[in-house]
Amino acid sequence: MITFSLRHTFESAQPLTFYADFNQASNTLVYPQDSLLVSVTQSGSDEKGSLHVSGGRRGYVTSEVRRRFRLRDDMGKIYKKIRTDAYIAKAIDLYRGMRLTLNDPWETTLVFIISQFNNVKRIRLITRSIIAKYGSEIEGRAAASARSFPTSADMTKATEKELKRLGAGYRARYIIGAADYCTNNVDLDKLPSHKYLKLKEELMQIDGVGEKVADCIALMGYGNLKAFPIDVHIKRTMEKLYFEGKVKRIREIRDFAESRWGDYMGYAQQYLFHKARMMA
DNA sequence: ACCCAGGCGGGCG
DNA sequence: CGCCCGCATGGG
């Protein structure tokens with residue numbers, strides 16, 4: 001039995017959180033991917049409850065779910081490496097089975113451009129509005145219907161005025177720029193996912209993508225676990241926990257994380273972030 | 001009214 | 001470089 005919690009993963013504010021539907025009563029997640037509507041159900045509330053996957057061709061969908069929910073990650077090994085102190089141990093105990101997810105690079109880019117200087121509820125609302133307006137309709141057996149996430153080419157048709165009407169605010173300009181750049185100047189699917197520094201440098205060429213958002217894209221869009229996004233929650237939490245409450249630079253916090261959690265620092269970040277956000 | 005939210009880009013010293 | 005500021009929007 002694998003260590004996986006559909007609920008904690010869904011609630012951890014990762015890209016799919018912003019557009020998928022999660023039914024708490026049935027513990028079922030319905031989300032569109034690759035023009036399919038996929039339904040994932042986990043029986044029981046236990047993180048080891050068995051998974052049921054439906055929608056599309058069974059073999060393909062099952063392997064995609066395994067890939068996107070990173071079900072091949074050895075959580076025992078990861079927990080052993082990142083369980084370095086009481087705080088993160090508590091986070092692991094509270095949210096055992098929470099996985100990082102692997103999402104489409106463009107999808108991740110758009111979602112995290114929207115995320116800046118924003119809150120989760122509004123990120124979700126704006127993302128859904130964008131999908132409703134610019135996505136295309138797909139169907140599946142898992143539910144009645146849904147819309148696929150708009151491609152960067154789809155988004156080049158958007159105007160700043162439209163995006164502001166959907167609530168994007170000053171980020172509307174970034175979205176326009178990013179859609180154009182990712183359609184005409186770079187192929188996100190060809191960036192070097194395993195070369196952290198190079199990947200981040202390339203991502204930061206995109207309009208509205210700075211260091212923090214680039215780390216989010218590297219982590220959740222490319223699966224690069226050396227990425228360590230430092231947002232307000234992480235910064236405050238780590239300054240308090242590991243730096244005696246003193247204000248530190250991003251660089252120093254990142255170096256500390258790397259020395260402490262090494263190749264699994266991205267997972268450490270997700271557990272620290274989720275606990276900090278849930279407790280706030 | 002005021003503060004905050006998974007920050008970024010531009011400008012200044 | 002490193003720091004500071006404005007930025008749109010809605011919820012607590």
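Proteins come first, then strands; the chains are lettered A, B, ... in the order of their sequence lines, and each starts at number 1. These values consider heavy atoms only, across backbone and side chains, with no hydrogens, waters or symmetry-generated copies.
- Across B:dG9, B:dG6, B:dG7, the shortest atom-to-atom separation from the side chain of A:Cys216 is found for B:dG6.
- The CD1 atom of A:Ile234 sits 11 Å away from the P atom of B:dG7 (whole-angstrom rounding).
- Legend: ring pair (Phe, Tyr, Trp, His ring centres under 6.0 Å) pairs involving residues 75-115 of chain A, not counting sequence neighbours, sorted by first then second residue: A:His8-A:Tyr95, A:Tyr79-A:Tyr271, A:Tyr95-A:His274.
- Separating the CD1 atom of A:Ile175 from the P atom of B:dC8 is a distance of 14 Å, rounded to the nearest angstrom.
- Rounded to a whole Å, the OH atom of A:Tyr174 is 8 Å from the C1' atom of B:dG7.
- One P atom belongs to B:dC8, the other to C:dG10, and the distance between them is 22 Å to the nearest Å.
- A salt bridge (charged side-chain N to carboxylate O under 4.0 Å, His left out) check over residues 261-280 of chain A, counting only residues at least two apart or in different chains, returns the pairs A:Lys226-A:Asp263.
- Side-chain atoms of A:Gln14 do not come within 3.5 Å of backbone N or O of A:Asn103 as any donor-acceptor pair.
- For the segment residues 235-258 of chain A, the set of residues with a heavy atom within less than 4.0 Å of an atom of DNA chain B comprises A:Arg236, in numerical order.
- Screening residues 106-134 of chain A for salt bridge (charged side-chain N to carboxylate O under 4.0 Å, His left out), with sequence neighbours left out, gives A:Asp21-A:Arg128.
- Counting only residues at least two apart or on different chains, the side-chain hydrogen bond (donor to acceptor under 3.5 Å, both in side chains) pairs with a member in residues 207-218 of chain A are A:Tyr196-A:Asp215, A:Lys200-A:Glu211, A:Lys200-A:Asp215.
- A donor-acceptor pair under 3.5 Å is formed between the side chain of A:Asn27 and the backbone N or O of A:Gln42.
- A heavy atom lying under 4.0 Å from DNA chain C marks none of the residues of residues 268-280 of chain A.
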DNA chain B in dot-bracket, Watson-Crick or G-U pairs under 3.5 Å, [ ] crossing, | other strand? .||||.|||||||
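- A:Met204 comes within 4.0 angstrom of nothing in the nucleic acid, heavy atoms only.
- Remark: side-chain polar atoms of A:Thr237 are not paired, donor with acceptor, to backbone N or O of A:Ile234 under 3.5 angstrom.
- Checking side-chain atoms of A:Ser148 against main-chain N and O of A:Ser136 turns up a donor-acceptor pair under 3.5 Å.
- Across the protein-nucleic acid pair, A:Leu219 atom CG and B:dG6 atom C1' stand 12 Å apart, rounded to whole Å.
- Aromatic ring orientation, A:Tyr31 versus A:Phe69: perpendicular (interplanar angle above 60°, classes split at 30° and 60°).
- A heavy-atom distance below 4.0 Å to DNA chain B is reached by none of the residues of residues 91-110 of chain A.
- The distance from atom CE of A:Met220 to atom C1' of B:dG6 is 8 Å, rounded to the nearest whole Å.
- The NZ-C1' distance, from A:Lys200 to B:dG7, rounds to 13 Å in whole Å.
- Using a cut-off of 4.0 Å between Lys/Arg side-chain N and Asp/Glu carboxylate O, A:Arg249 and A:Asp255 are scored as not salt-bridged.
- Remark: the backbone N or O of A:Arg99 is paired with a side-chain donor or acceptor of A:Thr9 at under 3.5 angstrom.
- Residues that satisfy the ring-ring contact (aromatic ring centres under 6.0 Å, His included) test with A:Phe273, not counting sequence neighbours, are A:His233.
- Base contact: A:Ser12 has a heavy atom under 4.0 Å from a base atom.
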Scan nucleotides 10-13 of chain B against the protein and return all N/O pairs shorter than 3.5 Å with their distances rounded to 0.1 Å.
none

Using nucleotides 8-12 of chain C, report all nitrogen or oxygen pairs with the protein that are shorter than 3.5 Å.
unit_1, atom_1, unit_2, atom_2, d
C:dA8, O4', A:Tyr170, N, 3.1
C:dT9, O2, A:Arg122, NE, 3.4

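- The salt bridge (charged side-chain N to carboxylate O under 4.0 Å, His left out) pairs that include a residue from residues 166-189 of chain A are A:Asp187-A:Lys190, where partners are two or more places apart or lie in different chains.
- Using a 4.0 Å cut-off between charged nitrogen and carboxylate oxygen, A:Arg165 and A:Glu162 do not count as a salt-bridge pair.
- Computed from coordinates, the A:Leu203 CG to B:dC8 C1' distance equals 15 Å when rounded to whole Å.
- For the P atom pair drawn from C:dC4 and B:dG6, the interatomic distance equals 23 Å after rounding to whole Å.
- A:Gln205 places a side-chain N or O within donor-acceptor distance of the main-chain N or O of A:Glu201, the cut-off being under 3.5 Å.
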